[in-house]
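Here is how names work: the chains are called A, B, and so on, in the same order as the sequence lines, proteins then strands, and each is numbered from 1.
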Amino acid sequence: MPVIGFVGLVFVFSILTNGRILNPRNINLMLSQVYVLMIASLGVFMIMTVGGLDFSQGSILGLTSIVFARVSQHSIILGIIAAMIAGALMGAFNGFFHVKFRIASFIVTICTMYLFRGLCEYLTTHGPISASLRVISFDETWLKVLLTTIVITIGFLAIHFTRLGYDLRAIGAGEIAARFSGCRPELTTFLVYTVAGMITGFASFINVIRVGSITGTAGSQLETQILIALVLGGMPIGGGAKARFSNIIFGALTYSVLERSLPMVFPVSATQQLVKGIVFLIVVALTIDRKSLRVIK
Amino acid sequence: MKEVVLRSEKVNKHFGITHAVKDVSLEFYRGEVHGLIGENGSGKSTYCSMLSGIHSISSGRFILEGKELNVKSLVDANMNGISIVVQEMGTLSGLTVAENIFLGREHKFMRGFFKDTAQMNRETQQLLDSYGLNRISASRVIDNYSFEDRKLIEIVKATYFEPLVVTIDETTTALSQKGREELFKIIEHLKETNKTVIFISHDLSEVLAHTDRISVLRDGELVKTVNSDEVDADELKRLMVGRELDNRYYRTDYDGTVSDEVVLSVSNLSVPGEFEDISFDLHRGEILGIGGLSECGMHELGKAIFGGSYDRSGSVSLPQKGLEITSIPEAIKHGIAYTSKDRDNESIVLAINIADNITLPSLDVLAKKRVLNKKELHEFAQSHADRMSVRMTGIKQYVFDLSGGNKQKVVLARWLGRDSDIFVLDSPTRGIDVKVKADIYALMGELKERGKSIIMISEEILELIGMSDRILIMKNGTFNGTFARSAVLTEEDLIAKMV
Amino acid sequence: MNETISKFKRSKYFGYALLFGLALFFWAFFKILSPHNFGTSKLMANYLQTSIQYAVGGCGFYFIVVMGLFDMSIGANIVLSSLVGVLLSRQFGYYGLILGCLLCGTLIGSFNGFLYTRLRIPSMIVTVGLMLVLESVAAYVVKLDPAGFPGKLTDPNILAFNHAPWNYIVAVSAFLLMGFILRFTKLGTYFNAIGSNEFVAKSMGINVEKYKFIGFVLLHFFVGIMALLTVSYGRGMLAVTGMESMGRNFKPLMGTFFGVAFKKYGMPVSAIVIGEFIITLIFNGLVALNVPTTINDFVTGAVLLIIVTLTNRGARGSVVK
Amino acid sequence: AGEKATTAKPLIGVSIWSSTDTLGSQVKRMLDAAAKALDVDVMYVDQGHISERVTASAETLVAAGVDGIIICNSASAEMTSVINTANRNKVYTAQFFRVIDPVANPNEHKLAVSSPYYVGSVHEDEVDNGINLVRILCEKGNRKIALEGWEAGDATFLLRWEGYKKGIELWNAENPTDKAVLLDPQYGGTTSDTGRATAEAIINANPDIDALIVSGGGGDTLVGALAAIESLGLKGKIDVVSTDFLADLDEQLATGGMAAESGGHFCDPLFAFMMVYNAIKGNYKVPTDGYYEILFPYLYVASSEDYNAYAKYFVDELPYNDAELREMANMSFDQLKAAAERLSIEDVISRR
Ligand SMILES: Nc1ncnc2c1ncn2[C@@H]1O[C@H](COP(=O)(O)OP(=O)(O)OP(=O)(O)O)[C@@H](O)[C@H]1O
Ligand SMILES: Nc1ncnc2c1ncn2[C@@H]1O[C@H](COP(=O)(O)OP(=O)(O)OP(=O)(O)O)[C@@H](O)[C@H]1O
Ligand SMILES: [Mg+2]
Ligand SMILES: [Mg+2]
């Protein structure tokens, strides 16, 4: 279904834009937004597969971008590592409260969204944090494509060829039964949050090479973009068996195509957004799998 | 005196392939306490659920005071004079006691849009007081009360509307002695006010003492209705079990000797509130039956052996390997399999497909250097599903679409696939039809032949007698009796140790 | 003795003691660090005035959060309803402002409820889509406003809800209404029942779909009231796009967290009001200490997390998603 | 993009924080009028001053096939990506409300200078403006001045803040016996309710301030701050200055709600638009060793008469009519620059 949504959308917008979106130069531009979104979606995909939600990803991206920018002054490699560690710590913080105290994930992550955002703003009070000047030279399409491909491939392999994917879906579908089948739901969930933070920490590298310096609003709304993208990609909100890896790919692509094509057709921002909202609702209404949702919350 | 207030005519219920209630025609008199007994799964709860609107009726009808009863929900049934105390938890947490009692029936206290909560609380309190339950406060949230109190609240709820017929489904096991006395007082009171009570219980002496007539169900069919003062417990048991003792199901040998090799040793195992200080050894090739009443702690014991209980103390060890089992993954890794009584929640993941369910516990074995091969997994799942002859459209089918018996086959398939050595089977034949039952018994025999060991936890006495090399009976969280395999062992012997 | 203590620990009084204790703690904390410019009785009244608008929204949120639903379009509704109110006030004065806010809010609520129950899409997702739509509709509505500075309440004669007593009158009416709904109508009970176990609730004969719909309508009616207070409080509203209205969801939601956390003491309304007050208190305390407001989000998040952890944690082994 | 200019209508993209808030909608109104007069298409992308969305907006516009972009970025570092996108795709770009500081951001500056597609920038002298506002306040007898910004770390705010601090320094140097103090800023967001809550908090915490600077945020923050002062009964007691114009400014000035106001800068993007338009048309040659820069003046309003004139010529109608816009499009850069620097209420009156 999501494939149909994606292809349909591309088709409609190719007609509406007289094929401009398929122009080779544009494909490159279309994709430039996909990288961070797709990478960060990988972590949230895992979180959503076990049935959770994460609203703190945008703030995590902001904070890890600051960490990367700061450390990149010394060494870029160290910067990436530091950002990933920082992201992992933030993710672990989420996971700890969620798993240890059994607080609903959306409550925990809304709290930490604020918490991390506050830190991010505090750190940028006296101006944006600039990264090392060298990072800009990394802003090459081939590199971003390569890195995204590597991350996504690792994710794909881990989910398809190790027990990770099976564990995640089983836990999402029935945590108690999964526990009695030898999965470790608590540990796995905790690690999934940690890894999601770490992945977003890695994405901060690509974020920074694109923007050069970090302001207090960096990463804002990433969480909602991810949610929209994944849902457009066919991700079931309650997770479980129907989560497919392709949700990430088609979700991020569909979102980016939508985001990029709308201004071509509608010059006014308000109209762009109106159409985006309506398209989103229509696509979801047509593609959502209601059968597996016993209770629709 | 013998005025028929409620009658059922050829009532049937099908759950998929399960024919839970078969052509049951029954009459209930005004002002009588009518016992309903039968083995587990004989259809008692289902029959009452249809009466009270929880389940729809597949065919047949109920006639109340000459008029056909046609109810769609519990509240609907209440309005028509039928109420029920259900076997499972029937109260909603987060609501007050009064709100629970009047849920869906607030109209009595509505003044326009205005709900007179104070009045509702007052009336509820009076009601509670009149039952002698003044320790329960109407305006408190129900979560503040114990399971037992919640049951009593349900009983109060069920009797408040002056119903013509009150059904009390297996409630006594949830109650302490004091609670039971309170319950019987209520039943007495209902009878005095000319109400009809349908009383379901597994405690035959209790049933005999408090009912006027007793109907016996077996495999969904009505066997007989008798007057309570004309029968004794033995007679009832005969009626309940009744069927030609199906020996062909069970093992035909009566040789209970097993190897000396101890494969699993349980010592001083306790789970607070469930069972205490349990110790025993399981031998190679042994089928060890554990029996008792549902609440005796045996179900939790099975879970605890598998490492699935929180707050467990004591030890479960594998003497041959010289190690202890403390968690589920370890248990699985060292060849322990477990099927839970609560199959849908604990034995199997309903919302994933058959293939994934079968492979899930074996993933670590199937992975070569942690890498899984799709094709291999598929073949693995397919072969074990086929071996258990699961009736399915394919292994990609979701488990929630399967019938109970087929779910159970999937559960067994996954553990056979895992090549487990020790099987902890809790209620392995629960809710399963005769054919599958026979298959499962055959499988257990085969496993025994191959030197595997089985702990079979069961509420079905015949099954225990028929299959076990040794039977341990539990009562109130401790062992209360041991029986060796023998041709002369009777149900009475076992029951005597259970109650 | 132990019995009495444990009984007390579950009672309303304990809930109040806990909340006032928290408020007192934060008050004392900032008062000690900053004795002169914090927490005088006059200032406390100011803090209260700021917090009540969020508490009204928090009350609304409570209706659907107890059912386990969520709504991302609160902020967008506040913006749109405010702008409709302002637009109508140009012609009809107070009537326009009040009715514009309340009716528009309620209408949006029924629209949300309708889409949610009809399309059968999880509430969180459907309301993200609606948020996008409402934000852009607001951008169009603001263009209809003939005033030189559209969306601003420029007429000084229409600002009664901007200050005492009218802002209190409106807010307190909303709190009373919520208390009334929870206590004196079936709705409160039904919402709780649906949240507790939808299936059991259904078998008790409760029309779950209908009450979920009503939940959305009520939520957005309260959001309409919040819009009235907010637009008056700030003397105007800004149309925003690009999901920025989402920032407005969270302040009321925090009050709701308090409400849900203290639900077990049977005092959701008071908990929401006091909870929002505590959050405002902290905000003002930080300003009094001359801590940059940027760290405020950090402190708010941390405090909330602590409160939720202390009051709302699940039992071991329970399934929480 | 180059070949399109000759065949079709030029398409100019506007990357702005918001085209719907108070200042943003004024900007949009002005640009729409210019586009209509010049028969140009414009396209807006709102980016909310979120760095990654700022850089993405340039890409979105380029993908949509624009010939030129005018942009209001949030941090100078973002311009690296924006200029690279412009260079790669041969699209002209100019900044409005912003400039790249050669000292603080030498690399971005170097890139901008050498880019054949970076046309230039139209901006205000924020530091100077800050100094002026503080001077006005001090001269009115205020000695304890509080500061409310909108978003921490914003480039423009930081410049203004620097100006305020400099203004205080200057005052204190000149009046060593009668020193003034400036409090650290608190941030009130861009909406009026958060603006009010923050202003209330500031005043609650510092009851003895005698002036408040509300440093922009599009105008709504100021609306809220004034509401706070009024509700606390301090109207006329606390002098307020700001950099955004208000709807009821005349009344506020008359009743003492406001002390002074600088603003009128919504025309600034118009000049950026004209620069890009001319670059597309080939009229302005974009140097690879520099760029065009216009320093746009703030309008200062200190009395209600001033404001009424402002309202007439800037709010009710636009300061430039169709004919003037067409004429402006044909100006050389020096003429354009002069026109920008000349813009004032008197300037408009003289043209009517
Ligand atoms: N919802 C259901 N779906 C499918 N099968 C069901 C369902 N409820 C009951 N059954 C099956 O119907 C049969 C009768 O069950 P029922 O609960 O009526 O037994 P019971 O006599 O009440 O047993 P117990 O003494 O254990 O309570 C069993 O085989 C059971 O597995
Ligand atoms: N202890 C409790 N736990 C959970 N929910 C409760 C509890 N007590 C009451 N409620 C729910 O809250 C509703 C309102 O209760 P009540 O009228 O006591 O509070 P209120 O007066 O609205 O709030 P407050 O005490 O904060 O002013 C009740 O109808 C009930 O649904
Ligand atoms: Mg039973
Ligand atoms: Mg039963």
Side-chain angles (χ1 to χ4, degrees), chain A residues 50-53 97-108 110-125 172 174-176 179 185 216 220-221 224-225 227-228 231 237-239 268-278 280-281 284-285 288 290 293 295-297, chain C residues 67-70 72 115-117 119-126 128-140 143 198-199 239 241-244 246-247 250 253-254 257 260 292-305 308-309 312-321:
Chain A
V50 295
L53 288 167
F97 277 88
H98 170 49
V99 170
K100 172 80 184 159
F101 298 120
R102 305 259 105 198
I103 306 170
S105 56
F106 91 93
I107 295 184
V108 173
I110 280 178
C111 291
T112 56
M113 169 180 88
Y114 265 77
L115 214 149
F116 301 150
R117 175 62 57 202
L119 272 182
C120 190
E121 288 182 341
Y122 182 69
L123 293 171
T124 54
T125 308
E175 186 170 324
I176 297 176
R179 189 164 82 89
S220 288
Q221 302 166 357
T224 321
Q225 288 172 15
L227 184 72
I228 293 179
V231 169
I237 192 112
V268 178
S269 320
T271 321
Q272 293 156 18
Q273 190 174 324
L274 183 67
V275 177
K276 181 157 75 176
I278 293 171
F280 176 70
L281 284 175
V284 174
I288 198 167
R290 296 181 182 82
L293 295 170
V295 183
I296 298 180
K297 283 293 186 190
Chain C
M67 286 192 279
L69 308 178
F70 199 68
M72 300 276 230
L115 283 187
Y116 165 69
T117 47
L119 293 184
R120 311 210 313 118
I121 303 174
S123 54
M124 188 169 297
I125 295 184
V126 108
V128 165
L130 284 164
M131 177 264 298
L132 292 172
V133 171
L134 294 178
E135 271 189 358
S136 45
V137 171
Y140 286 108
K143 285 202 194 108
E198 205 172 312
F199 290 110
T241 48
M243 311 199 271
E244 277 183 54
M246 297 257 287
F250 299 116
L253 185 61
M254 296 186 168
F257 285 170
V260 173
T293 30
T294 43
I295 200 71
N296 184 45
D297 281 349
F298 174 82
V299 177
T300 312
V303 168
L304 261 179
L305 195 56
V308 172
T309 308
N312 220 15
R313 57 206 282 186
R316 178 136 175 241
S318 60
V319 177
V320 176
K321 291 295 186 189

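- Among the candidates C/Ala139, C/Ala138, C/Gly242, the residue making the largest number of heavy-atom pairs closer than 4.5 Å to chain A is C/Gly242.
- The parts of A/Leu274 that come within reach of chain C are both its backbone and its side chain, each placing non-hydrogen atoms under 4.5 angstrom from that chain.
- Residue A/Phe280 touches chain C through its side chain alone, counting heavy-atom pairs closer than 4.5 Å.
- Two rings, from A/Tyr122 and C/Phe298, have their centers 6.0 Å or more apart.
- Between the CD1 atom in C/Ile121 and the CD1 atom in A/Ile237 there is a gap of 10.5 Å [rounded to 0.5 Å].
- For C/Met246, the part lying under 4.5 angstrom from a heavy atom of chain A is the side chain only.
- Both the backbone and the side chain of C/Phe250 come within contact range of chain A, each with at least one heavy atom under 4.5 Å from a heavy atom of that chain.
- Using a 4.5 Å cut-off between heavy atoms, C/Leu253 touches chain A through its side chain atoms alone.
- Evaluation of the side-chain hydrogen bond (donor to acceptor under 3.5 Å, both in side chains) rule for A/Thr112 yields A/Asn94 as partners, not counting sequence neighbours.
- Among the candidates A/Val50, A/Ile103, A/Leu53, the residue making the largest number of heavy-atom pairs closer than 4.5 Å to chain C is A/Ile103.
- Annotation: maximal heavy-atom pairing with chain C below 4.5 Å, among A/Val99, A/Thr271, A/Val231, occurs at A/Thr271.
- Contact annotation for A/Ile278: both backbone and side-chain heavy atoms come within less than 4.5 Å of a heavy atom of chain C.
- In this structure, CG on A/Leu123 lies 7.5 Å from CD1 on C/Ile295, to the nearest 0.5 angstrom.
- Across all non-hydrogen atoms, the minimal contact from C/Phe257 to A/Cys111 is CE1-SG, 4.4 Å.
- The greatest number of non-hydrogen atom pairs below 4.5 Å with chain C, out of A/Val108, A/Ile110, A/Ile228, is found for A/Ile110.
- The contact between A/Ile107 and chain C is made by backbone and side chain atoms together, counting heavy-atom distances below 4.5 Å.
- Counting heavy-atom pairs under 4.5 Å between each of C/Leu115, C/Leu304, C/Leu305 and chain A puts C/Leu305 at the top.
- Among the candidates A/Lys100, A/His98, A/Gln225, A/Arg179, the residue making the largest number of heavy-atom pairs closer than 4.5 Å to chain C is A/His98.
- Heavy atoms of C/Met67 lying under 4.5 Å from chain A belong exclusively to its backbone.
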